[in-house]
Asks: 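This is the structure I want to talk about, given as structure tokens.
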Amino acid sequence: MFFQDEESSEIGRPAQTKLESFLFSCELSSKVPFYTFQGDEEEDLEHFLELRTICLGEGAKEESNVVEVTAMNHQGKTISVPIANLHVSCLPMVSLGEFELKAPVTIRLKAGVGPVSVSGLHLIASQVEDSDMSDEDEADEEDEEISPIKPAKKKQKQ
């Protein structure tokens, strides 16, 4: 999967961003109340965590289980936000859609004893120069272009 970057590379051609995705999962409980997602420290890679679902595990008690995330906002300040309040009898699972956060991210079981399973995708974005793209990738990009819509032919009145 490749995305066009708005900024141009040194040679004047647009830079490409390659995006890879991997399955992510962690379980929170009273024994392990938090998980910190870091990603690798390579300079040319960006790591994102896309949270999809949070659900109570087998053996969860009749209590509220509050899950919060701690990450950086657009100003570079660390903030904590509750994202789910799960209860066995009324809300055992929540779907977050595609809730994407840039690493580092800490997921914490703020209240309750769990177990709570958190799942989603680990996304890795890397810059790729045009020369690094294979012929197959270029062919895929050409196939994705949409051909213009042709106007319908009008029938002549008789």
Asks: Taking all heavy atoms of His87 and all of Ser64, pick out the closest pair and write down the distance.
Replies: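 Heavy atoms of His87 and Ser64 come nearest at CD2-N, 3.6 Å.
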Asks: Please tell me if the side chains of Leu91 and Asn85 come closer than 4.5 Å, counting only heavy atoms from C-beta onward.
Replies: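 Sidechains of Asn85 and Leu91: no contact.
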Asks: Starting at CZ of Arg108, measure out to OG1 of Thr36 and round the result to the nearest 0.5 Å.
Replies: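 These two atoms lie 7.0 Å from each other.
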Asks: Grab the two heavy atoms, one from Leu109 and one from Gly114, that are nearest each other, plus how far apart they are.
Replies: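 Taking Leu109 first and Gly114 second, the nearest heavy atoms are CD2-N, 3.8 Å.
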Asks: Where do His47 and Gln38 come nearest, in terms of heavy atoms and distance?
Replies: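 Smallest heavy-atom distance, with atoms named: CB-O, 4.5 Å.
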Asks: Decide yes or no for Gln127 and Thr17: does some side-chain heavy atom of the first lie under 4.5 Å from some side-chain heavy atom of the second?
Replies: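 Yes. Closest side-chain heavy atoms under 4.5 Å.
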Asks: How far does CD of Glu68 sit from OG1 of Thr106, to the nearest 0.5 angstrom?
Replies: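 These two atoms lie 9.5 Å from each other.
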Asks: Got a second to check how far Leu45's CG is from Leu123's CG, nearest 0.5 Å?
Replies: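 One finds 12.5 Å between CG of Leu45 and CG of Leu123.
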Asks: Go through the steps for Ser119 and Ser25 under the test side chain to side chain donor-acceptor pair (under 3.5 Å), then give the verdict.
Replies: CA-CA 4 Å; Ser119 63; Ser25 178; 5.9 Å; no
Asks: If I take atom SG from residue Cys26 and atom CD1 from residue Ile54, how far apart are they, to the nearest 0.5 angstrom?
Replies: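 Answer for the SG-CD1 pair, Cys26 versus Ile54, is 9.0 Å.
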Asks: How many angstroms lie between CD in Glu63 and CG in Leu86, if you round to the nearest 0.5 Å?
Replies: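 So the gap between those two atoms works out to 11.0 Å.
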Asks: Can you find a pair of side-chain heavy atoms, one from Val69 and one from Phe99, that are under 4.5 Å apart?
Replies: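 A side-chain contact exists here, since the closest heavy-atom pair is under 4.5 Å.
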Asks: Could you work out, with salt bridge (charged side-chain N to carboxylate O under 4.0 Å, His left out) as the rule, every residue matching Glu27, not counting sequence neighbours?
Replies: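 With sequence neighbours excluded, Glu27 shows a salt bridge (charged side-chain N to carboxylate O under 4.0 Å, His left out) to no residue whatsoever.
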Asks: Consider only side-chain heavy atoms of I, L, V, M, F, W and Y, link residues closer than 4.5 Å, and tell whether Val116 and Tyr35 are in one cluster.
Replies: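 Shared cluster, yes.
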Asks: Listed by chain and number, what are the salt bridge (charged side-chain N to carboxylate O under 4.0 Å, His left out) partners of Lys102, not counting sequence neighbours?
Replies: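 In terms of salt bridge (charged side-chain N to carboxylate O under 4.0 Å, His left out), with neighbours along the sequence ignored, Lys102 is linked to Glu46.
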Asks: Can you spot which of Leu23, Leu96, Leu121, Val118 makes a side chain to side chain contact (heavy atoms under 4.5 Å, CB included) with Arg52?
Replies: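 For Arg52, the side chain to side chain contact (heavy atoms under 4.5 Å, CB included) test succeeds with only one of Leu23, Leu96, Leu121, Val118, which is Leu121.
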Asks: Are Val113 and Leu28 connected in the hydrophobic side-chain network, where two residues link if heavy atoms are under 4.5 Å apart?
Replies: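 No, Val113 does not connect to Leu28 through the hydrophobic network.
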Asks: Do Val66 and Leu56 sit in one hydrophobic cluster, given that two such residues count as connected whenever their side-chain heavy atoms are within less than 4.5 Å of each other, even indirectly?
Replies: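 Each belongs to a different hydrophobic cluster.
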Asks: Any sub-3.5 Å donor-acceptor pair from Glu100's side-chain atoms to Phe48's backbone N or O?
Replies: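 No.
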Asks: Do you know the tightest heavy-atom contact between Pro115 and Gly59?
Replies: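 Scanning both residues, the minimum pair turns out to be CD-C, 4.3 Å.
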Asks: Any side-chain heavy-atom pair from Ile107 and Leu49 closer than 4.5 angstrom?
Replies: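 Contact flag for Ile107/Leu49 side chains = yes.
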Asks: Using every non-hydrogen atom in the two residues, find where Phe37 and His122 come nearest and quote the distance to one decimal.
Replies: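 In this case the closest contact between Phe37 and His122 is CZ-CD2, 3.3 Å.
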Asks: Considering all heavy atoms of both residues, which atom of Lys61 and which atom of Val88 are nearest to each other, and what is their separation?
Replies: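 Heavy atoms only, the tightest pair is O-CG2, 3.4 Å.
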Asks: Would you give the length of the straight line joining atom OG of Ser21 to atom CD of Glu50, rounded to the nearest 0.5 angstrom?
Replies: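 Nearest 0.5 Å value for the OG-CD distance: 8.5 Å.
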